[in-house]
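Below is one structure, written out as structure tokens, with a few remarks after it.
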There are 2 protein chains.
Amino acid sequence: MDTTGNSFTGSYSYTLDAKGRVNIPAKMRKSLDPASDSTFVATRGSDPCIILYPATVWKQVEAKFIALNKGKALNRHFTRNFVRHAEAVQYDSQGRVALPAGLIEFGGIGKNVEIVGMIDRIEIWDPQRLQEMESRFAGREDELEAIANEIDL
Amino acid sequence: MDTTGNSFTGSYSYTLDAKGRVNIPAKMRKSLDPASDSTFVATRGSDPCIILYPATVWKQVEAKFIALNKGKALNRHFTRNFVRHAEAVQYDSQGRVALPAGLIEFGGIGKNVEIVGMIDRIEIWDPQRLQEMESRFAGREDELEAIANEIDL
DNA sequence: TACGTTTGTGGGTAGAAGTGGGTAAATAAC
DNA sequence: GTTATTTACCCACTTCTACCCACAAACGTA
């Protein structure tokens, strides 16, 4: 999907402050394409976390929804349920974004967060949930190896 | 996979210093393509070691992950589990990279390291682990010969 | 063999990054 | 229109990282 040049990697353990702000790691800020103008669109992940799409990547996500036939009720529902939780956030001069309260709640986020690079997007996790997520896939290493084989990694 | 011109060979016994830095051997630095700008992406190997991909090679690795359909949970997990341990590192004017603490731990690295050229990537091993790894494949020389046959070496 | 250059190792510190908080400005509520 | 609440902007401090220096050992050349 991505042709915007973003390249987010790594995992950072930061804190959510009393004002609902979290720091975007400096390396990720440097990775963000200039056209996004320090701006992400924050929304719910398909997994129980918050996703930050760079503004430029979000344009591509939007295009996919636009291309969905909205005459079908299920498509409208899918679109509505994805887009209504989305909100643009811009990081300030200290590199922090203020996360919408609804997303903080959806992500089950307390004081500690794990910020995970996913190449063309960023995920913000409650550390405990991330660990549970990893545990859920334990025992499926052969399936993971099949994917590694498939993409010749 | 690689068409970036990198060509890392050899094995070097160096040290990891108190600040978590390790020297990239001079010959390997000379082998690194200029477009990588002295930068690798360090991440977990499939084997218990650290891998350094040249930045240019990492772009190709990324492209494979981007091409994976992220609508599937298993693909998301696969991507997350690979990419969240990855981090760009740039060697300084003395040729050293600072390795992320998480990777040092994953690789079981103490004071001594073995730096191994793997053509388009570099592996950083705890010497004892590398030895154990070699021992694991002892006795399978006929299988190795079959591979040599297959690629007409 | 002698000497100059390059390489690997150890360490100090200036500058960058993350965290916590105050308040002016903008927005919402009455 | 006024008041209350929220958001955006700014500051200060602590910790971590990037940059620089020095030196010994190894290597290459005359």
Side-chain angles (χ1 to χ4, degrees), chain A residues 8-32 36-42 50 52 55 86-105 109-117 122-127, chain B residues 8-32 36-42 50 52 55 84 86-105 109-117 122 124-127:
Chain A
F8 306 117
T9 57
S11 191
Y12 300 80
S13 303
Y14 284 359
T15 61
L16 184 73
D17 72 13
K19 295 181 179 182
R21 296 172 305 187
V22 70
N23 205 293
I24 305 292
K27 281 194 175 181
M28 290 187 180
R29 300 205 296 275
K30 287 193 188 74
S31 289
L32 183 62
S36 288
D37 188 33
S38 314
T39 301
F40 296 91
V41 172
I50 298 169
L52 301 185
E87 187 175 329
V89 290
Q90 185 171 42
Y91 63 79
D92 62 13
S93 55
Q94 267 89 263
R96 289 175 302 196
V97 292
L99 296 175
L103 291 179
I104 291 172
E105 189 183 344
I109 299 204
K111 183 165 174 58
N112 301 303
V113 301
E114 195 74 19
I115 304 182
V116 178
I122 294 171
E123 293 181 344
I124 301 185
W125 285 86
D126 172 66
Chain B
F8 306 115
T9 58
S11 191
Y12 300 79
S13 303
Y14 283 179
T15 61
L16 184 73
D17 72 14
K19 294 183 178 182
R21 297 173 304 189
V22 69
N23 205 290
I24 304 292
K27 283 194 177 179
M28 290 187 181
R29 300 205 295 273
K30 288 194 187 72
S31 291
L32 183 62
S36 288
D37 188 32
S38 313
T39 302
F40 296 90
V41 172
I50 298 169
L52 300 185
R84 76 183 176 106
E87 191 171 327
V89 291
Q90 185 171 44
Y91 63 79
D92 61 15
S93 54
Q94 268 87 263
R96 291 175 302 196
V97 293
L99 295 176
L103 290 179
I104 292 173
E105 188 183 345
I109 299 205
K111 185 163 171 61
N112 301 302
V113 301
E114 195 74 19
I115 305 182
V116 179
I122 295 171
I124 300 186
W125 285 87
D126 172 67

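Throughout, protein chains are lettered first and strands after them, A, B, ... in sequence-line order, and every chain is numbered starting at 1. All figures in this text were calculated on a predicted structure; none of them were measured in a lab.
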Bend angle of the helix from C/dT1-D/dA30 to C/dC30-D/dG1, from helix axes over five pairs at each end, nearest 10°
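Overall, the helix from C/dT1-D/dA30 to C/dC30-D/dG1 bends by 40° from one end axis to the other.
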Nearest-nucleotide wise, let me know which of A/Ser93 and B/Ser93 is further upstream toward the 5' end of DNA chain D.
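The residue closer to the strand's 5' end, by nearest nucleotide, is A/Ser93.
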Heavy-atom side-chain proximity of [X] to [Y] below 4.5 angstrom:
{"X": "B/Met28", "Y": "B/Phe8", "result": "yes"}
{"X": "B/Thr39", "Y": "B/Val89", "result": "no"}
{"X": "A/Val22", "Y": "A/Val97", "result": "yes"}
{"X": "A/Ile124", "Y": "A/Ile109", "result": "yes"}
{"X": "B/Ile24", "Y": "B/Leu52", "result": "yes"}

Apply the test side-chain hydrogen bond (donor to acceptor under 3.5 Å, both in side chains) to residues B/Glu114 and B/Ser13: give CA-CA distance (whole Å), side-chain angles for both, the deciding distance (0.1 Å), then the verdict.
CA-CA 5 Å; B/Glu114 195 74 19; B/Ser13 303; 2.8 Å; yes
Hey, is the main chain of [Y] close enough, under 3.5 Å, to the side chain of [X] for a donor-acceptor pair?
{"X": "A/Asp17", "Y": "A/Lys19", "answer": "yes"}
{"X": "A/Ser31", "Y": "A/Arg29", "answer": "no"}
{"X": "B/Glu87", "Y": "B/Pro100", "answer": "no"}

How would you list, by chain and number, every residue that makes a salt bridge (Lys or Arg N to Asp or Glu O under 4.0 Å) with B/Lys27, sequence neighbours excluded?
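For B/Lys27 there are no salt bridge (Lys or Arg N to Asp or Glu O under 4.0 Å) partners, ignoring immediate neighbours.
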Sugar-phosphate or base contact per nucleotide [nucleotides 4-22 of chain C; S, B, -; heavy atom under 4.0 Å]
---SSBBBBB---SSBBBB
Side chain to side chain donor-acceptor pair (under 3.5 Å) with B/Asn112: which residues, sequence neighbours excluded?
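For B/Asn112 there are no side chain to side chain donor-acceptor pair (under 3.5 Å) partners, ignoring immediate neighbours.
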Using the rule side-chain contact (heavy atoms from CB on, under 4.5 Å), only one of A/Val116, A/Ile115, A/Thr9 pairs with B/Arg84; which is it?
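The residue from A/Val116, A/Ile115, A/Thr9 that satisfies side-chain contact (heavy atoms from CB on, under 4.5 Å) with B/Arg84 turns out to be A/Val116.
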Start and end of the DNA chain D segment that chain A contacts, any atom under 4.0 Å from a heavy atom
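Taking any atom under 4.0 Å from a heavy atom of chain A, the span is D/dA8 to D/dC11.
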Filtered N/O pairs between nucleotides 24-26 of chain C and protein, under 3.5 Å:
none

